[in-house]
Amino acid sequence: MDESEDVPKDFIKLKSEKLSVDEVSELVISPCCGAVSLFIGTTRNNFEGKKVIHLEYEAYMSMAETEIKKICRDVRQKWPSVRHIAVHHRLGVVPITEASVIIAVSSPHRAESLEAVMYCINTLKASVPIWKKEIYEDEYSWKENKECFWANSGK
Amino acid sequence: QVSVLYFARSAELAGVRSETLSVPRQITALQLWEEIVKVHPRLAVIRDQVVFAVRQEYVLLGDQLLVLQPGDEVAIIPPISGG
């Protein structure tokens with residue numbers, strides 16, 4: 001096996017097609033790793049009693065990719081044994097129960113990849129310029145993550 | 001001349017997704033916001049909720065002095081909701 005094929009890699013993709021858990025987990029599998037940890041964010045069908053028809057996502061593409069790369073860099077500093085990181089986020093219309101985001105991390109042992117996945121999704125929600133619009137039956141609403149440090153002023 | 005990008009609610013209020021704007025090379029973030037609101041007064045309602053991204057770095061709407069180059073990208077960033 002050619003060792004250079006297994007250098008740590010970040011796989012970042014923003015796309016409007018349906019996300020695949022198989023695809024994302026296969027990206028991070030590595031012969032040196034005994035653990036692959038996964039987070040899947042799926043769309044709920046309700047919010048505060050209102051029926052959600054579907055979600056729509058938009059992104060500041062170039063900056064979103066840059067911010068996700070920064071998250072990957074931070075992950076590698078905090079958990080140096082982490083091997084590969086994959087972050088796939090869907091854009092455009094996402095129907096109920098489908099995935100809007102899949103994050104996968106591989107590491108030799110499970111603690112690091114589990115912690116790194118949690119860090120990735122929490123930090124993504126705080127810093128990556130992606131916006132979600134919830135479409136209800138009669139109206140819609142631009143959501144605001146509670147992690148967003150400049151939102152909720154005065155609330 | 002800078003490129004101004006609008007996203008989410010700010011794009012709905014401004015009615016555009018991007019445009020060029022002529023601004024002084026040196027300007028505070030707050031002054032830049034005022035210039036943008038002159039062009040799109042409906043944006044005033046979200047003033048307390050947005051930040052800028054200047055050359056893809058977040059900047060709060062305050063007294064920070066921005067040194068802009070022609071062609072720089074300035075984005076209006078409403079509260080984010082990724083993930």
Side-chain angles (χ1 to χ4, degrees), chain A residues 14 19 39-43 47 55-71 87-91 94 99-103 117-134 140-155, chain B residues 2-21 28-34 36-37 40 42-64 66 68-83:
Chain A
L14 304 171
L19 301 182
F39 172 81
I40 306 164
T42 58
T43 67
F47 177 74
L55 303 184
E56 289 176 21
Y57 282 92
E58 69 179 69
Y60 183 2
M61 293 275 291
S62 51
M63 187 176 176
E65 290 191 18
T66 307
E67 289 297 310
I68 297 173
K69 277 190 199 139
K70 283 184 195 169
I71 295 174
V87 178
H88 280 205
H89 202 301
R90 195 160 170 194
L91 300 178
V94 183
S100 3
V101 62
I102 302 177
I103 298 172
V117 164
M118 180 153 74
Y119 176 85
C120 277
I121 183 62
N122 289 345
T123 312
L124 186 152
K125 282 181 169 290
S127 68
V128 176
I130 295 176
W131 295 270
K132 168 167 78 183
K133 192 160 129 179
E134 258 173 15
Y140 67 81
S141 163
W142 286 105
K143 307 303 299 179
E144 301 179 2
N145 288 346
K146 62 180 185 334
E147 295 85 351
C148 175
F149 69 86
W150 65 89
N152 302 316
S153 51
K155 286 188 196 165
Chain B
V2 294
S3 271
V4 184
L5 305 178
Y6 300 89
F7 292 98
R9 183 124 187 264
S10 69
E12 288 178 348
L13 291 168
V16 291
R17 295 220 150 251
S18 71
E19 62 191 357
T20 49
L21 199 65
T28 69
L30 204 49
Q31 286 167 343
L32 179 57
W33 175 256
E34 300 298 328
I36 290 168
V37 171
H40 302 287
R42 289 171 67 198
L43 286 173
V45 298
I46 56 171
R47 183 198 179 287
D48 289 337
Q49 296 159 39
V50 300
V51 296
F52 283 128
V54 179
R55 295 183 295 268
Q56 305 195 0
E57 299 282 344
Y58 291 117
V59 176
L60 295 174
L61 259 57
D63 295 329
Q64 182 177 336
L66 308 171
L68 301 171
Q69 310 289 340
D72 272 353
E73 237 172 46
V74 173
I76 315 293
I77 310 277
I80 55 178
S81 39

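Chain naming here is simple, since letters A, B, ... match the order of the sequence lines and numbering starts at 1 in each.
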* Asked: If you tally heavy-atom pairs under 4.5 Å against chain B, which of A:Met63, A:His89, A:Lys132 wins?
  -> A:Met63
* Separation of B:Glu12 CD from A:Trp142 CH2 (nearest 0.5 Å) -> 5.5 Å
* A:Arg90 side, atom CZ; A:Leu14 side, atom CG - distance, nearest 0.5 Å -> 13.0 Å
* Asked: How many angstroms lie between atom CH2 of A:Trp131 and atom CG of A:Asn145, to the nearest 0.5 angstrom?
  -> 11.5 Å
* Distance from B:Glu19 atom CD to B:Ile36 atom CD1, nearest 0.5 Å? -> 8.0 Å
* So, does B:Asp63 use its side chain to make a donor-acceptor pair with the main chain of B:Thr28 at under 3.5 Å? -> no
* Give, for atom CD1 of A:Ile121 and atom CD1 of A:Ile71, the distance between the pair rounded to the nearest 0.5 Å. => 8.5 Å
* Below 4.5 Å from any heavy atom of chain B, which atoms of A:Ala99 appear? Answer side chain, backbone, both or neither. => neither
* When only heavy atoms count and the cut-off is under 4.5 Å, which of residues 52-61 of chain B reach chain A? -> B:Ala53, B:Gln56, B:Glu57, B:Tyr58, B:Leu60
* Asked: With only heavy atoms counted, which part of A:Lys133 is less than 4.5 Å from chain B, the side chain, the backbone, both or neither?
  -> side chain
* To do: Pick one of side chain, backbone, both or neither for B:Ile77, based on which atoms fall under 4.5 Å of a heavy atom in chain A.
  => both
* Asked: So which part of A:Ala126 gets closer than 4.5 Å to some heavy atom of chain B, the side chain, the backbone, both or neither?
  -> backbone
* Main-chain N/O of A:Thr123 paired to A:Ser127 side chain as donor or acceptor, under 3.5 Å -> yes
* Asked: Checking heavy atoms, do the side chain of A:Phe39, its backbone, both or neither come under 4.5 Å from chain B?
  -> neither
* **Cationic N near anionic O, under 4.0 Å, A:Lys70 to A:Glu67** => yes
* Asked: Measuring heavy-atom distances to chain B, does A:Tyr57 have an atom under 4.5 Å in its side chain, in its backbone, in both, or in neither?
  -> side chain
* When rounded to the nearest 0.5 angstrom, what is the spacing between CZ in B:Arg42 and OG in B:Ser10? -> 11.5 Å
